[in-house]
Every structure is written in C-alpha cells, then in structure tokens.
2 protein chains.
Amino acid sequence: MVTRPPVSRTLLATTGNNREHTRRHNLSAILRLLSQSGSMPRSALTQRTGLNRSTISDLVSELVGLGLVVEAESVATQGVGRPSLMVSPADDVVAFSVHPDIDAITVGVVTFSGKVIHKIRQVTQAQPAAPTAADVANDLITKLRAQLPAGTRIAGVGVAIPGQVRSADGVVRLAPHLNWVEVPFARMLNQLSGLPVFIDNDASLGSIAERDFGAGRGFKEIVYLFGGSGGIGGGVIHDGQPLRGAAGYAGELGHIRISDSPAEDFSGLSGTLESLVSRETLLAALKLNGVDDDELREALTKDPSPKVRKVAEAQIDSLAIAIGNFVNIFNPEIILLAGYLSVLYAFDTDRLLSRFRWSSLTASQDRLILRPAELGANLLMVGAAQMPFDRVVQEPATMTFILAKPTRK
Amino acid sequence: MVTRPPVSRTLLATTGNNREHTRRHNLSAILRLLSQSGSMPRSALTQRTGLNRSTISDLVSELVGLGLVVEAESVATQGVGRPSLMVSPADDVVAFSVHPDIDAITVGVVTFSGKVIHKIRQVTQAQPAAPTAADVANDLITKLRAQLPAGTRIAGVGVAIPGQVRSADGVVRLAPHLNWVEVPFARMLNQLSGLPVFIDNDASLGSIAERDFGAGRGFKEIVYLFGGSGGIGGGVIHDGQPLRGAAGYAGELGHIRISDSPAEDFSGLSGTLESLVSRETLLAALKLNGVDDDELREALTKDPSPKVRKVAEAQIDSLAIAIGNFVNIFNPEIILLAGYLSVLYAFDTDRLLSRFRWSSLTASQDRLILRPAELGANLLMVGAAQMPFDRVVQEPATMTFILAKPTRK
DNA sequence: TGATTATGTTGCCCTACCCAACAAATGCTG
DNA sequence: CAGCATTTGTTGGGTAGGGCAACATAATCA
C-alpha cells in the first residue's frame, strides 16, 4: 500500500457530522495531545479537551484496549486530591524514517512518543539512482526490524525527500540534489518492504517536527527556513496545519526571486533566495570543505577576514529581504532558521534583524519572534515519522498495524 | 459590540466534541451550503452533507423555526420520484457593507443569499478623517435601514479597509491610502450605529467573495491579487479558508520585494511588486486621468505607442515574477487577477504566461489556472457582508439579530 | 485523625442521528 | 389511464455516546 500524507484534518465544513465522527474526533484529540506531550494525567486530558471525566475514562479505556496508550499510576503527586492516572503513548508502536541524501541514506526507528530509538546511516555512491536508494533503504529497514522486540507494531514508513513530492501518489517530481526526476519512490519502497510508505518534502517535515517537538511548540503560525548543502527549503504552518497547496508543492521558499541578480540556483531560477544565500559560496570564501554547520559557525566567528565578512553580510542582507517578504505574506508568530541559516543568524544577529525591519510592514512585525530552530540531527527522523503516526491519530479505531515479527501459530 | 472577523472554523484539533458541537456543526454545514448556492433542494443537502434524510428534515425544520431558511415546493421538477422541497436562505436577513475609499464612502445592503439590494456612494473630501468617515457611514446606514421592510433582521456591519487591520480588535493599523493610523474604526462605527461591526482588509474580503460567488468557486487553494489606485493587495485562500496570520495582516502580497530597483511603494518599501506595477505610472504614460479600468483597458488596446507598450510590458514582467513567487510559495490551484491587474493580463496574456513560466518551478505549474477575477463593482459589498453572515452560519441557534425597525408594542 | 480537595467509577439520562416502514408525488410503460 | 418504478418526505423506535450526580478513593493539611 502506498499512502499519501494525511489530508487536512479539518473535515470539509459542508460535510455532516454524526456520532461516529464525534467519537473518532475525540479519540484523535486524546492521541494528538499524548503524542505531542509524551504523557499526561487523565485530569489534564479532561481539562484540555473540555470533555467530562467519565467520557475521558471511557475514551482512554478504548485506546488502552486498542493498545495505543498505557495507563499507570502517577509517580510524582502534585497536590491535594486523589492522584490522576498517567496516560502515555504505547512504546511498542513505532515507525521507520528514511532520509535519502546526496551520498548517504539514513534510516531510523521512532516511537509513537517521538523518540528515535535506532538510527543507521549508510554511505552510498554520490547521487544514487532511485532503485538503488530504495534497495538500501529496505535493507536498513529489514535490519532494524529484526532488532525490534516481538510484538512491536509498525505504523509505516515516512520518507523525507530533498525535493518536490506530489502528495497524491508519493511521486518525487524533482529532487535536483539527488538527480531524481519523476520517481515513484513511495511505491518502490512499498513494494520492497510491504509496509505503508508516506513521503514528503524534507523542509515541510522539518517544520512539522519543530512545531511538535522543537522551537515551534505552541505556535500556530510558523515560517520555517532550512539551509543545507542542497539549497534552501521552507515549511509553513498555518493555523497549526502545514501549508501543502494544491498538489503538495507549497513552501518552496528558497526559490522566490528577490533580486535582479543573474545568479542561478539549483533549479535554474535566477535572483532567488537560494542563489544569493548559499553555503557553498561561503565555504569557498573561507576555503573550507566538508565541514558541518558547527564547524562552519566556529570558523566564521574565529577568523572573519574582511572578504569573508563581506560575503556573509551580503547573504545576511538577502536573507533579511526574503524574511521581510515572508512576514508580509504570512504574518507569522515565529520564524525559525535552521541549518546553515542559523549560522548566518548567529554570525550577525543585529544586522539580520535591522535589515529585516526595513523590508517588511511595521504592523506585521508586532511581537514577531525570529530564532534558530532547536532540533538537530534527529529532526528529519522525527518529522518523517509523523506521517505514519498521523494516520494512527486520525483513525485510531480502524488502523491496522504490521507486526515487526510475524506471529507463530 | 465590536466584533472581530470569525476565527478559524476548524475547532482546535485537541478540543473535544460533544453532542452540541455535532448539532451546531450540522446546522452550520447546511447554512453554509445554502448561503453559497442560493438555494438547494433537501435531497441535495442530504447528498452533500452525507447525513440521513430524516436528520436533514430535522435540521432544516430547526432552521426554519429560527427564521434563517424558508422551505418551498420545488418549481421545476427534475426527474422521476417525489419532488424535493426547495430550501432557501431567508431574504429578510441582511447585513450592511461599508467601504471607505480615498474620496467616497460606499454603503450597501446585502442579503444572506449574497445579493446586493441597495447601494449608496457618498462622495467625501479627499482622505476623510476616520471620525468623519464613521459619521458618514453611519448616516448612510441609517438612511438605508429606514428603507428596509419592518421585520428585516440585521446580522451586522462589515467594513472593507484598504489597509492593514488587526483582527483581534478591529483597529486599522495603517491605511496609507486613507491616511489612517491606529484607528479603532470598528469601535467607532459600533458606538454610532449600535450594530455589531466586523472589519478586515479589502483584498482579503475580495478573495473571499471570489471564492464564494466568483471565479474561485469550488477551489480550495486560491491566490487573489487586486490592483487599484491605492496599490496592490492580496488575499490567499488555503484549504478553503482565508490565510490570516498571527494578527490578521497576512496576504500583503503587493509589498513583497522582487527587485533591487530603488522605486518605492506607498509604504516606503523599495523594489516591491507594488512599486513596479503601478496603475498611476501607466496612466501617466498614457497621459490619462480619472479613468476606470474598462476605459484604461480600451485606451491601452487602442493606442499602444511603443513607449506605452514598453511601460506595460515592464509591468507585466514584474507581475510575472511575483506570480512565479506566489506559485512557488503557495502551489495554488488558481490565481485570480482583479482590477488593474486584469487590464495588464488582457493586454498581453501570452507575455505574462511565458514570463511567469520562467520564474517558478515546473511541478508547481501543473494544472495551474491563471485568470481574471469575475466579480465587479459589488465585490467588496458582498465580501464585507460575509463577515457578519459568517457568525450567523457559525452559531445559528444562539445568534441574535437586531431588527431594522424597533417593534411596537 | 478528621476535614478538604481532586479524581476515578458507576448507573442513569438525554439527545441527536440512524434506520426501516410507510406515505406521497412524480415519470414511465403497456 | 392504470400500474409500476423511483425518489423523497414522514414517523416511530432504536442506539450510541457524552453529561451528570452520587459515591468511592487517595492524596494534602490542620
């Protein structure tokens, strides 16, 4: 089964609700709260959902019956009154995350509560062909699957792609970094693994991970910008939900044109944010190679020759213009800069802030927060796993899992 | 009472649903269908909502009891079987629309079914101060109110502002065109009229009107661009809902920076879409003054001297870049060009299309529709009225109306 | 140790939707 | 034109699921 990322949670406003909708909605609400918070006492569920104590009791016991959550007595008591029962997501429900990059494929195992419990990174030849990548990914999944305890249930596989993904069928339309064009990667990996495969753009998944587990917690209007060696990607959260657009390509924030400059980006567009703010250019100015973002940050603060400083400042100025545009367009509560962009942010925060203030409307800057993203290496693992888990959350009663190991009779 | 535009219809996904939610949701679903389609047979309601015949019967009779809809026997029969009863929105529920412009204030009366039944345009001095504008608007409302038949119920007043409006309290943060800064217009007009007042940006309301009654019908991902004498405004519909952002300022699409050009727009930002695509500039090149868009379109096609053509083409090229950016950002199904921008579109559609294709990612262009908006003079009247009507739709059972004329005892 | 407080549990109620059977109103066909 | 098929409105009963109130339980506090 090849499955697309879950559609918008909001039922069409013109569709009717019935009792079953209500029940499913309430079960989902509880699971959503739990998967984001790790675990909560029942009393908190009562407060957050606004439902009656007895209703929560009923709903939770249904979820316990489904094996999706576990109840335990509270350890730490927090006040007078009978202590509330602690409800936690089941830790034997997991998803695999896959991230194909330019010269390596990473596969991880993520629990329903958002913890990465295993991770393997397998180096490949540069720009592996899609079938090769699918093979490698499947091998890694098989290997990790063998290590899981019997009884572990698998929700599915989530794949983060550095490129554009059509959400309807999981086809990678274009991933310039990987040199993939029109690759039905979800179907390929599904046929190999036999697991449901979900797939989406890496930056979109990053924004979701930051919303649920990182610097975006509690915000409903988020603009997320990620700079990597493959360019600049973006993810937008609006009203708490990812902005997908008609076919899933929304959020290509790196490809917006902000200048008349003829410099071109990976996709052949000129004057774009991605063409003006480039990790490679800065590395070249620094005469560095193969460093990670931490090393780059250090190199930059240690030895900012006038020439290097000029390059970095020009990039900061371009970034500021783009951020100004996004503020005018989205009026977000918070803007998160990840990867290479957080290096630029740290290098001269004041310059970035002041330049940005010149290029957006003042009203939209009210209470705007601009800060680096929080999640590091496991960002994409967590983000990609949210796709299969989202299906669990949305249809807890009818969801079927695949066992990590076949049951014996 | 001063009221903000309705918040997102999607209940927080972590809030519980109960019976009352379900009922309200279903009543809303029916009203929403009716207010968009004018009227529908009961059988269509059954199909569209997915609810049972008997449930629809029950819901409709509750709405009839509330005086929000009317049932009548179908006139035209459309096939075998017992003819279905026609359900229509009540025509004695109305809202006032107010549109303050640079030298005139327009007030209209709009029925729940979306028809503009009265409209007055009162010329004022240029850039009237806000209290003056509120006075004039209130006078016009009083005049129109006197003409309404007794028993007419008023849902409220919707105001369309050419500027940024804070949705939390209806304060106009900045309307450069009117020279208003930090004006609590909703409160002012509420105190004068005694009616609930809703207020929002004009282009956002335009996008909503086009979605419900114009070229955007049936689409869920819409980018709307409006060019007027006061610059360029934008409205974005995502997943069927307007993009508001943190405080309501989202969608300032005219102020995005796409060029290094030093030309400035009304808000003092340089190189923005609005600074490069300007009705005034083209009028100056044509040596025209005080013409409307139709006359401008005609003048342009009739006599395109090389000089004029060059100006228009430069503007088209800039517009194409901006559209490319919006396609990359939003991946919309449809882009609607309204006002002056539809003149540019008509002038050289091919140029606009081909230039635009160079400046966005190919995947995002799949099945993209670019076309002029449909609604003309009544656009803002209809759009603004949707704000008070939205409240009716959202809480049909508890909504209270104000009678056009006080009842005698 | 008893009072207070907060939470879990249980049985009952009520509402809103579904369903099935029937009635009504139309078109089609012989 | 009568009878049949088809679709829709109507009615009465069924049911699921959330609310409620009373009671039980387990903690803090005086």
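First the proteins, then the strands, lettered A, B, ... as listed; each starts at 1. Model, not experiment: these values are computed from the prediction.
- Contacts of Glu62(B) classified as salt bridge (charged side-chain N to carboxylate O under 4.0 Å, His left out), with partners at least two apart in sequence or in another chain: Arg23(B).
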Nucleotide by nucleotide, nucleotides 11-17 of chain D touches protein heavy atoms under 4.0 Å in the pattern (B base, S sugar-phosphate only, - none) B---BBB

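- A residue-by-residue look at Thr46(B) and Arg53(A) shows that Thr46(B) has its nearest nucleotide of DNA chain D further toward the 5' end.
- Atom CZ of Arg24(B) and atom P of dG18(D) are 16 Å apart (whole Å).
- Checked by atom type and distance alone, the side chain of Ser84(B) never pairs as donor or acceptor with a backbone atom of Pro41(B) at under 3.5 Å.
- Every residue two or more places apart in sequence or in another chain that forms a side-chain hydrogen bond (donor to acceptor under 3.5 Å, both in side chains) with Ser54(B) is listed here: Asn52(B).
- Sorted by first and then second residue, the salt bridge (Lys or Arg N to Asp or Glu O under 4.0 Å) pairs with a member in residues 36-57 of chain B read Arg42(B)-Glu71(B); sequence neighbours excluded.
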Under 3.5 Å between N/O atoms: give me all the protein pairs with nucleotides 1-6 of chain D, atom names plus distance.
residue: dT6(D); atom: O2; partner: Gly81(B); partner atom: N; Å: 3.3

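- Among the candidates Glu333(A), Glu210(A), Arg211(A), the single residue satisfying the side chain to side chain contact (heavy atoms under 4.5 Å, CB included) test with Phe219(A) is Glu333(A).
- Phe389(A) meets the ring pair (Phe, Tyr, Trp, His ring centres under 6.0 Å) test with Phe112(A); sequence neighbours excluded.
- Separating the CD1 atom of Ile56(B) from the C1' atom of dT7(D) is a distance of 16 Å, rounded to the nearest angstrom.
- Rounded to a whole Å, the CG atom of Asn18(B) is 13 Å from the P atom of dT15(C).
- At dC17(C), none of the side-chain N or O atoms of Asn17(A) fall inside 4.0 Å of OP1 or OP2 (strictly under the cut-off).
- The CD-C1' distance, from Glu71(B) to dT10(D), rounds to 12 Å in whole Å.
- In this structure, the side chain of His25(A) engages the main chain of Thr15(B) through a donor-acceptor pair within 3.5 Å.
- If you take CZ of Arg42(B) and P of dA24(C), they are 16 Å apart, rounded to a whole angstrom.
- Nucleotide dG18(D) holds its C1' atom 17 Å from the NE2 atom of His21(A), rounded to whole Å.
- The backbone N or O of Leu34(B) lies less than 3.5 Å from no partner atom in the side chain of Ser37(B), so there is not a single donor-acceptor pair.
- At least one donor-acceptor pair under 3.5 Å links the side chain of Ser97(B) to the backbone N or O of Met381(B).
- dC19(C) atom P lies 11 Å from atom CG of Leu51(B), rounded to whole Å.
- In this entry the distance linking CD of Glu73(A) with C1' of dA26(D) reads 10 Å, nearest Å.
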